Amino acid sequence: MHCRVWLVAIFCLGSLGQQRLISHVSRVTGGFIPTLLIANTDGLSGHDVELRFYDQNGGFILANTIHVQAGETNFASPEHLSSSDSVSHIAITGDPEVKVTIIYQSTVSNSSPVHVSESAIQSTRWRIYQGNWSAAWDGVAMVNPNGQQASVDVKQYVSGAEKASHSFALSSWHKQLFVFETLFSDIEGSYFEVHSDRPLALTSLRGSLDQRFLWENVPLDLQSVAVTPEPYNLLWQTEVSDSVRAGGQITDSWWYIVTQGPAKAHRININNGAIETLPLNGDIADVREQNGDVFFLTDMDQQPTDGYANFSALSLAKWNADTPTEIDQITNTLPFRLSQIGAISGNSLFAQNRFCDDPIGRIISIDTMSGNVNWNLPTAPCTLNFYVGSFISTSSVQGNQMQLINQNSGQVIKTWDSPGSFVAIDESRLYGTLDRENRVVAINFNGQVIWEYDTPFNETYPLLTESGLFTYIWGKPSGMRDLVMLDPDTGLEKWKQTDFLPASAAYSERLGSLYLVATNGIFYVLNSDSGALIRELDLEDWGITGIIRPIQIYENKLFVESLDNGSTFSCVTLP
């Protein structure tokens with residue numbers, strides 16, 4: 001086997017910026033068996049370490065958290081820990097007392113393994129000295145851990161004078177690898193330097209031509225740079241072959257989803273992306289968790305369904321989220337066509353027929369302890385609700401009616417003919433396009449208009465944030481969208497971004513930052529107070545492609561659903 005083939009097998013992992021990492025995972029098919037040595041150097045306490053596995057193109061494979069007992073040393077194959085034979089590199093986070101080393105053992109008999117420890121060094125200039133190419137090969141693997149493309153020059157020097165060079169571009173998080181003899185001539189006494197306009201992670205190996213021995217040819221760091229870790233990292237990604245109903249719910253541990261045809265309930269572990277199908281009989285209309293209890297709207301009679309348009313939910317069951325096992329069949333006699341659990345507040349669950357063709361829309365309140373129907377309110381067909389405190393706001397998906405309802409009694413307090421279908425609600429007001437197009441209004445619970453903000457465009461999507469009332473406005477002939485932050489007390493503009501988004505978007509706020517994801521896959525981070533653009537990232541850099549569905553922010557994680565021959569669910573960590 002030629003040496004460059006061995007190198008391709010060995011250099012299957014690139015460094016990931018200023019963080020701990022294993023930068024090389026060899027392939028067994030290339031003649032070297034990789035084994036991870038995970039050692040807890042603390043003899044008194046056990047510690048956790050998380051290994052995040054990537055392929056050669058920077059694609060995330062899996063995150064695996066391992067607990068190592070005090071003083072313990074574990075051995076495991078990367079393929080076993082990642083459930084993949086495509087592992088190229090491994091990022092390491094967790095307690096520093098746990099050290100990770102990779103061992104390469106040649107498959108040739110009478111050979112000796114090499115141990116390569118984890119590293120966390122980046123530099124814009126590396127130097128590698130040439131060996132004896134008649135007996136051994138020299139190779140290098142490098143990764144660009146920055147958020148932007150790097151321009152790289154590999155140069156050969158003899159007695160300090162440059163003899164040859166090779167240039168290429170290295171995309172964000174991608175890896176480049178090569179054997180030096182494929183690019184340069186064999187000149188005794190030469191050395192090589194890698195120059196880059198951005199700090200690179202680099203590992204150099206030297207191997208005997210008979211494949212019995214391998215060494216780490218440690219490169220010289222001539223210009224190390226402290227790279228700030230990229231705070232946005234793809235944590236996991238998982239696929240579902242069936243189409244997924246819009247919505248879903250994020251909890252402390254799970255992302256609950258429902259697929260169509262037949263409708264089944266699934267949940268995704270928000271820490272590692274593992275997906276499990278919940279063992280229920282019948283088609284699932286919707287699922288919602290609160291305080292460890294999981295509620296399912298199900299068609300236990302298994303009536304024929306056509307997607308979600310004709311769903312007929314007849315049962316409401318409560319399960320334990322940890323087991324998961326059924327606690328109680330709350331009711332199996334619901335005489336209503338229901339397709340969605342709108343919200344849970346206290347001991348009341350509010351269900352609605354958001355996606356059905358029933359000519360009479362309905363929203364009902366069910367006591368989660370007894371299963372009794374508290375009240376049953378006919379509303380406009382296909383309603384969507386929001387709630388706060390003692391009130392519920394329902395709006396027609398067609399955008400022709402808005403209602404304010406007392407959630408305890410079901411009494412309709414106020415009804416508006418409304419061109420909009422989305423509102424924000426706080427303890428005293430509703431905000432949105434309530435009574436006519438081309439304006440945003442704040443209306444109190446008595447129906448009095450507090451303020452109005454005129455806009456020449458026809459629909460708004462309001463969000464109450466710590467910084468104000470964020471409003472996303474669309475309907476412009478250009479197809480571009482405006483972003484506006486209003487003072488919720490006065491309706492005055494705090495800031496405005498005109499023609500900012502090229503497509504519709506979903507958005508959320510966290511710690512003073514406003515997050516927006518456009519359907520074309522661009523992720524924006526804005527300052528909530530000023531509207532200034534902080535970051536602009538392409539989700540495709542993380543392998544997130546297709547049509548982007550609305551995001552959810554939960555603690556320090558961004559959850560994205562994308563549609564591209566099925567549904568792909570992705571989780572990105574936030575700073």
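Because only heavy atoms are used, hydrogens play no part in the values below, and waters and symmetry mates are left out as well, while side chains stay in. Note that the coordinates shown come from a computational prediction; the quantities given were computed from them, not determined experimentally. Index from 1, following the sequence.
A heavy-atom distance below 4.5 Å is not found between the side chains of D210 and V108. The shortest side-chain heavy-atom distance between V152 and Q176 does not fall under the 4.5 Å cut-off. Under the 4.5 Å side-chain criterion, counting only non-hydrogen atoms from C-beta, E493 is in contact with V484. Between V100 and I90 the shortest side-chain heavy-atom distance does not fall below 4.5 Å. Between L36 and F75, the closest side-chain pair of non-hydrogen atoms is not below 4.5 Å. In this structure the side chain of F523 reaches within 4.5 angstrom of the side chain of L558, judged on heavy atoms. Within the 4.5 Å cutoff, no side-chain heavy atoms of V140 are placed close to those of F192. The closest side-chain heavy-atom distance from R52 to L235 is below 4.5 Å.
For W133, the side chain to side chain donor-acceptor pair (under 3.5 Å) partners at least two apart in sequence or on another chain are D138. In this structure S45 satisfies the side chain to side chain donor-acceptor pair (under 3.5 Å) test with no other residue, sequence neighbours excluded. Scored by the side chain to side chain donor-acceptor pair (under 3.5 Å) test, E50 finds T93 as partners (sequence neighbours excluded). Under the side chain to side chain donor-acceptor pair (under 3.5 Å) criterion, H67 pairs with D48, not counting sequence neighbours. Take S185 and apply the side chain to side chain contact (heavy atoms under 4.5 Å, CB included) test, not counting sequence neighbours, and it matches I187. Here E72 pairs with nothing under the salt bridge (charged side-chain N to carboxylate O under 4.0 Å, His left out) rule; sequence neighbours left out.
To the nearest 0.5 Å, atoms CH2 (W495) and CZ (F470) are separated by 5.0 Å. Atom NZ of K557 is separated from atom OG1 of T573 by 8.0 Å, given to the nearest 0.5 angstrom. With rounding to the nearest 0.5 Å, the separation of CD1 in I522 from CG in L539 is 7.0 Å. To the nearest 0.5 Å, atoms OG1 (T182) and NE2 (H166) are separated by 8.0 Å. If you take CZ on R206 and CG on N217, they are separated by 4.0 Å, rounding to the nearest 0.5 Å. From C571, atom SG reaches atom CG of N272 across 10.0 Å, with rounding to the nearest 0.5 Å.
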For this session: Please test L81 against I66 for side chain to side chain contact (heavy atoms under 4.5 Å, CB included), starting from the C-alpha separation and ending with a verdict.
Result: CA-CA 9 Å; L81 293 178; I66 301 167; 3.9 Å; yes
Exercise. Does the side chain to side chain contact (heavy atoms under 4.5 Å, CB included) test come out yes or no for E216 and Y104, once each step is laid out?
Worked result: CA-CA 11 Å; E216 183 179 12; Y104 306 103; over 6 Å; no
For this session: Apply side chain to side chain contact (heavy atoms under 4.5 Å, CB included) to the pair L514 and V525, showing each step before the final yes or no.
Result: CA-CA 6 Å; L514 193 64; V525 184; over 6 Å; no
For this session: Quick one: do W236 and I268 satisfy side chain to side chain contact (heavy atoms under 4.5 Å, CB included)? Show the steps, please.
Result: CA-CA 11 Å; W236 53 257; I268 304 171; 3.5 Å; yes
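A donor-acceptor contact shorter than 3.5 Å links the side chain of N40 to the backbone of Q69. Between the side chain of T251 and the main chain of E289, no donor-acceptor pair closer than 3.5 Å is present. In terms of modelled atom types and a separation under 3.5 Å, the side chain of S567 and the main chain of V240 share no donor-acceptor contact. Panel note: side chain W126, backbone L200; a donor-acceptor pair is recorded below 3.5 Å. With hydrogens and angles ignored, the 3.5 Å screen pairs no side-chain donor or acceptor of D95 with any backbone N or O of H47. Under a 3.5 Å cut-off, the side chain of N269 and the backbone N or O of A274 do not form any donor-acceptor pair. Side chain of W137 to main chain of G131: no donor-acceptor pair is present (N/O by atom type, distance under 3.5 Å, no hydrogens or angles). Distance alone, capped at 3.5 Å, places no donor-acceptor pair between the S119 side chain and the I121 backbone.
Of the N and O atoms on the side chains of D153 and S167, at least one donor lies less than 3.5 Å from an acceptor on the other residue. Judged by distance alone, the side chains of S570 and Q237 do bring a donor and an acceptor atom under 3.5 Å apart. Donor-acceptor pairing under 3.5 Å is recorded for the side chains of Q130 and D186.
The aromatic rings of F178 and F180 lie perpendicular to each other, with more than 60° between the two planes, well past the 30° mark. Using cut-offs of 30° and 60° on the angle between ring planes, the pair W255 and F559 is perpendicular.
Closest of all the heavy-atom pairs between H115 and T101 is CB-CG2, 3.9 Å. Of all heavy-atom pairs between L469 and P462, the closest is CD1-CB, 4.0 Å. Between S208 and W215 the shortest heavy-atom distance is N-CZ3, 3.7 Å. Looking at every heavy atom in both residues, S562 comes nearest to I544 through OG-CG2, 4.0 Å. For the pair G531 and Q497, the tightest heavy-atom approach, listed with the atom from each and the gap, is O-NE2, 2.6 Å. For the pair Q223 and S123, the tightest heavy-atom approach, listed with the atom from each and the gap, is O-OG, 2.9 Å.
No more than 12 heavy atoms of other residues, nucleotides or ligands lie within 6.0 Å of CD in E540, so this atom counts as exposed by the packing criterion. Applying the 6.0 Å contact sphere to CD of E239 captures no more than 12 heavy atoms from other residues, nucleotides or ligands.
Here E118 does not pair with K99 in a salt bridge; the nearest charged N to carboxylate O distance is not below 4.0 Å.
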